Amino acid sequence: MVAAFAAAVEDGRLPPFPPEPPVTYEVTRPGSPGHGDYATNAALKMAGKMGRPPRDIAAVLAAAIGSGDDLISKVDVAGPGFVNIWLAPGYVESAADSIRAAGLDYGRAPLAQSQRINVEFVSANPTGPLTVGNARGAFVGDLLCRVLEAVGHQVTREYYFNDSGAQVEKLGLTVQALKRGQPVPDDGYHGDYVGPLAESVPADVWQKAESEPDRTGWILGEWASEQIRAGIEQSLANLGVRFDMWKSESSLHTDGHVARAIDKLRASGDVYEQDGALWFRSTAFGDDKDRVVIRSNGEPTYFASDIGYVSEKFGRGFDELIYVWGADHHGTVARLKNAAQALGLNRDATNVLLIAWVHFVRDGVEVSMSKRTGEFVTLDELLAEVGVDAARWFFASRAPTTGIDFDIELAKKESSENPVYYVQYAHARISSILRKAAAEGLKAADSLAGGLADDPVALGLAKDLLRLPDIVRDAAEEQETQSITAFATELATTFHAFYRDRRVVDASDPATSAYRLALVDSTRLTLAAALALLGISAPDSM
RNA sequence: GCGCCCGUAGCUCAAUGGAUAGAGCGUCUGACUUCGGAUCAGAAGGUUGCGGGUUCGAGUCCUGCCGGGCGCGCCA
């Protein structure tokens with residue numbers, strides 16, 4: 001496009017235009033096939049600046065782009081001034097050939113510069129098993145890591161947990177009460193999972209707890225929370241979610257990160273004493289109030305840990321930090337970024353992805369979620385009911401920033417109609433076709449060259465396959481994955497239509513079969529690659 | 001009260017400021033005697049909460065209402 005503009009201005013068909021402010025235009029894939037394989041609104045954007053009707057500019061651009069070569073077969077001006085471009089079959093054929101060469105790596109689209117990115121997600125406190133309330137954060141965080149990796153970034157997956165708070169002591173006291181056969185304290189944990197923990201306390205831990213009455217809750221709580229943390233790690237592994245780093249809040253204090261960060265803020269004058277507490281001057285960076293870092297009783301706040309943590313993270317050499325937080329934490333985003341800035345860290349590289357609330361219901365009735373009262377549905381239970389692939393698809397296909405409803409009964413009932421199975425079925429069907437072809441001694445062509453030009457149906461399918469890398473790049477940029485699930489669904493539809501209209505395995509016509517086998521194999525790989533990006537299986541049979 | 005997010009088909013959700021607002025589910029009507037019917041073809045279903053504004057063009061941006069969610073602690 002840039003070259004086309006330059007050429008048109010160069011030979012006087014278009015007037016020169018002022019470079020400032022720069023005009024932004026897009027090259028997109030139009031939804032309707034009648035609008036070409038690519039379309040640009042450049043002429044519409046330039047019209048005002050150049051003082052010429054958009055269609056005139058579009059006509060000049062179309063001529064400058066040219067057609068009839070190896071890359072472009074046709075260029076058109078349409079509507080108010082869009083320029084529509086059709087790809088040449090020869091180009092489509094060679095591009096589709098490259099899919100089989102790439103295999104399951106197809107769709108990965110490395111950017112020019114790779115960054116080291118820390119993604120912290122889930123980070124639920126280990127005082128109880130993960131609930132369905134943690135599901136979205138777990139899946140969305142994992143999906144984010146996957147698309148970032150797909151564009152070449154180096155991602156560290158991190159789980160941050162509080163192992164020193166008051167809830168840990170309460171957990172320990174609950175364990176103690178249950179083991180002694182006493183009622184659970186009012187402010188203790190009432191979930192069913194605590195009982196088995198109480199029964200399995202090792203003798204040495206119990207002895208130690210009993211011998212130090214002042215620290216009984218802490219000692220038992222520390223032990224219990226580690227058991228629960230291990231259980232959480234297992235639950236996440238069952239979701240296909242793994243972490244590179246489990247970071248405890250207490251380590252930030254014992255390793256001095258919190259103290260050093262606060263000292264730094266003292267030196268720069270960004271904290272001050274008032275009412276016996278230490279305050280961070282967050283208002284100096286646009287927050288609506290200052291924030292307490294150390295309470296008047298000398299205890300640091302949670303925010304103090306955050307300050308030490310952001311500093312510790314950047315200290316490990318990351319180019320960007322992404323915190324995946326529940327939307328209910330939105331009020332704390334500003335102070336985090338402000339603290340990063342005050343510490344001389346990269347404020348703009350300290351980012352928070354807010355995950356909107358999931359309203360879990362069962363048959364239309366809200367499912368309440370409280371670890372303390374013990375009324376909740378665990379992530380493990382959800383998974384047993386709807387399956388990992390269906391759950392992954394559900395969250396991958398919705399924007400993280402909008403609130404969604406999740407009816408567990410409905411999800412179970414509809415699971416056989418879930419779009420994820422539609423896509424997986426297309427994959428299994430192709431696998432079956434390939435098996436049948438092999439049994440009949442038919443082989444796929446090494447190259448599609450010359451095999452698609454005469455068949456619009458096959459050409460249309462091939463063009464669909466070529467969209468994946470762009471979609472992956474956009475997904476990484478937008479930090480969303482709905483476009484990938486939408487693409488996989490559309491591709492499955494296109495394939496099913498192809499299957500209806502074109503016989504692939506035909507022993508009486510091995511030449512045509514060879515092209516079609518190559519094409520459907522590329523389709524299979526594209527579907528598998530898209531599903532793999534989402535952490536979803538691509539079965540050869542169902 | 002102040003701040004952030006949201007409001008799209010009966011339901012659940014899509015739609016980098018672009019062309020006729022799309023999928024799935026649900027509802028209704030059809031389709032194979034050979035490659036997998038977990039499929040395919042089609043229909044019905046919309047004043048994108050309401051009103052202004054910006055522009056060639058607004059579901060999308062600005063603004064005022066209405067409705068919903070979440071925050072606003074020396075809790076985490």
Side-chain angles (χ1 to χ4, degrees), chain A residues 24-32 34-35 39-41 43-45 47-48 53-54 78-82 84 125 127 162 165-167 249 274-279 288-289 291-303 305-306 326-334 354 356-357 359 364 394 397-399 401-407 410-411 413-414 416-426 428-437 439-440 442 474 477-478 480 482-483 485-486 489-490 492-493 495-497 499-507 513 516-517 520 541-542:
Chain A
T24 59
Y25 58 88
E26 291 89 39
V27 178
T28 57
R29 308 237 186 199
S32 160
H35 297 145
T40 180
N41 59 359
L44 290 160
K45 295 289 185 192
F82 292 103
N84 297 331
N125 287 340
T127 53
N162 182 339
Q167 332 89 304
E249 183 183 2
Q274 186 178 310
D275 303 329
L278 187 71
W279 297 71
D288 51 5
K289 57 183 75 166
R291 308 292 173 175
V292 173
V293 177
I294 296 178
R295 304 185 185 98
S296 50
N297 68 4
E299 290 293 316
T301 62
Y302 185 81
F303 177 49
S305 302
D306 272 348
D328 53 338
H329 285 66
H330 71 80
T332 62
V333 174
L354 291 174
W357 201 248
H359 186 235
F394 181 89
S397 59
R398 286 151 172 81
T401 50
T402 57
I404 53 178
D405 288 357
F406 193 113
D407 190 316
L410 209 57
K413 278 182 208 150
E414 290 178 354
S416 62
E417 305 296 334
N418 192 303
V420 71
Y421 297 117
Y422 178 78
V423 175
Q424 289 181 323
Y425 179 71
R429 194 179 224 182
I430 296 172
S431 299
S432 172
I433 291 172
L434 295 174
R435 282 193 296 269
K436 183 172 175 66
E440 297 192 11
L442 292 168
D474 285 350
E477 190 178 331
E478 300 294 323
E480 295 181 343
Q482 318 87 285
S483 54
T485 56
T489 306
E490 288 163 18
T493 298
F495 164 71
H496 284 308
Y499 174 84
R500 182 194 64 227
D501 294 333
R502 295 290 184 272
R503 184 167 184 88
V504 178
V505 179
D506 183 357
S513 290
R516 291 181 180 166
L517 283 168
V520 298
S541 65
M542 298 174 66

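Atoms considered below: every heavy atom in the structure, side chains included; atoms not considered: hydrogens, waters and symmetry mates. These numbers come from a predicted model, not from an experiment. Every chain is numbered from 1 and lettered A, B, ... according to where its sequence line falls, protein lines coming before strand lines.
In this structure, the CZ atom of A/Arg398 is 12 Å from the P atom of B/A15, given to the nearest Å. Distance, A/Lys436 NZ to B/U34 C1': 7 Å, rounded to whole Å. Following rounding to the nearest Å, A/Glu490 (CD) and B/A14 (C1') show an atom-to-atom distance of 10 Å. Computed from coordinates, the A/Arg503 CZ to B/U39 C1' distance equals 16 Å when rounded to whole Å. Distance NZ (A/Lys45) to P (B/G18): 8 Å, rounded to an integer number of Å. Regarding A/Asn418, its CG atom lies at a distance of 17 Å from the P atom of B/U12, rounded to whole Å. Between A/Asp407 atom CG and B/G26 atom C1' the separation is 14 Å, expressed in whole Å. Here the P atom of nucleotide B/C56 and the CZ atom of A/Phe82 are 14 Å apart, to the nearest Å.
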Which atoms of nucleotides 7-10 of chain B (N or O only) lie under 3.5 Å from a protein N or O atom, and what are those distances?
none

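Both A/Ala78 and A/Ala497 lie near RNA chain B, and the one whose nearest nucleotide falls closer to the 5' end is A/Ala78. When the nearest nucleotides of RNA chain B are assigned to A/Pro80 and A/Leu354 by heavy-atom distance, the more 5′-ward of the two goes with A/Leu354.
Stacking annotation: A/Tyr499 is stacked on the base of B/C35 (ring centroids less than 5.5 angstrom apart, interplanar angle below 30 degrees). Ring-to-base geometry does not place A/Tyr422 in a stacked arrangement with B/G24 (centre distance under 5.5 Å, plane angle under 30° required).
Summarising the geometry of A/His496 relative to A/Arg429, their closest heavy-atom pair is ND1-NH1, 2.9 Å, with the distance given to 0.1 Å. The two residues A/Pro54 and A/Ala43 make their nearest non-hydrogen contact at O-CB, 3.5 Å. The nearest pair of heavy atoms linking A/Pro30 to A/His35 is CG-O, 3.2 Å.
Taken to the nearest 0.5 Å, the CZ atom of A/Arg291 stands 8.0 Å off from the CZ atom of A/Phe303. Once rounded to the nearest 0.5 Å, the distance linking CG of A/Asp405 with CZ of A/Arg398 reads 9.5 Å.
Using a 4.0 Å heavy-atom distance criterion, A/His35 is classed as a base contact. Contacts of A/Ala437 with the nucleic acid, taken as non-hydrogen atoms under 4.0 Å apart, are absent. Counting non-hydrogen atoms under 4.0 angstrom, A/Arg502 reaches a base of the nucleic acid. Looking at heavy-atom distances under 4.0 Å, A/Pro419 makes contact with sugar-phosphate atoms alone, never a base. No contact: A/Ser483 has no heavy atom under 4.0 Å from any strand. Within the 4.0 angstrom heavy-atom criterion, no nucleotide atom of any strand lies near A/Asp306.
Going from the C1' atom of B/C70 to that of B/U60 covers 23 Å, rounded to whole Å. For the P atoms, the distance linking B/A9 with B/A21 amounts to 15 Å, nearest Å. The gap from the C1' atom of B/U54 to that of B/A58 amounts to 10 Å, rounded to the nearest Å. Comparing the C1' positions of B/G24 and B/A15 gives an interatomic distance of 15 Å, to the nearest angstrom. Comparing B/C13 with B/G71, their C1' atoms are spaced 26 Å from each other, to the whole Å. Across B/A43 and B/C6, the matching P atoms stand 34 Å from one another, rounded to whole Å. Spacing between B/G22 and B/G64 at atom C1', rounded to whole Å, works out to 31 Å. The gap from the P atom of B/C50 to that of B/G59 amounts to 11 Å, rounded to the nearest Å.
Inter-residue side-chain proximity for A/Thr401 and A/Leu354 is flagged as unmet; no heavy-atom pair is nearer than 4.5 Å. Between A/Tyr302 and A/Thr332 the shortest side-chain heavy-atom distance does not fall below 4.5 Å. Considering only heavy atoms from C-beta on, A/Ser513 stays 4.5 Å or farther from A/Glu440 through its side chain. Contact check for A/Leu44 versus A/Phe82: side-chain heavy atoms found under the 4.5 Å cut-off. Taking 4.5 Å as the limit, every side-chain heavy atom of A/Tyr499 sits out of range of all side-chain heavy atoms of A/Ile430. Contact check for A/Asp275 versus A/Ser296: no side-chain heavy atoms found under the 4.5 Å cut-off.
Side-chain proximity of A/Gln482 to B/A38, B/G18, B/A14: nearest is B/A14. Distances from the side chain of A/Glu480 to the nucleotides B/C35, B/A15, B/U12 place B/A15 closest. Among the nucleotides B/U39, B/G18, B/A19, the one closest to any side-chain atom of A/Ala39 is B/A19. Of the listed nucleotides (B/A15, B/C13, B/C40), B/C13 has the atom at the smallest distance from the side chain of A/Asp405.
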Study note, to complete from the structure: Its dot-bracket string being built from Watson-Crick and G-U pairs below 3.5 Å, with | for another strand and [ ] for crossing, RNA chain B has the pattern (((((((..((((....[...)))).(((((.......))))).....(((((..]....))))))))))))....

**Study point:** Protein-to-nucleotide contact annotation, 5' to 3' order, nucleotides 66-76 of chain B [B base; S sugar-phosphate only; - none; under 4.0 Å, heavy atom]
**Key:** ----BSSSBSB

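Here the side chain of A/Ser432 pairs no donor or acceptor atom with the backbone of A/Ala428 at under 3.5 angstrom. Remark: the backbone N or O of A/Arg503 is paired with a side-chain donor or acceptor of A/Arg516 at under 3.5 angstrom.
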Review point. So A/Thr127 and A/Gln167, side chain to side chain donor-acceptor pair (under 3.5 Å) or not? Walk me through it.
Key: CA-CA 7 Å; A/Thr127 53; A/Gln167 332 89 304; 6.0 Å; no

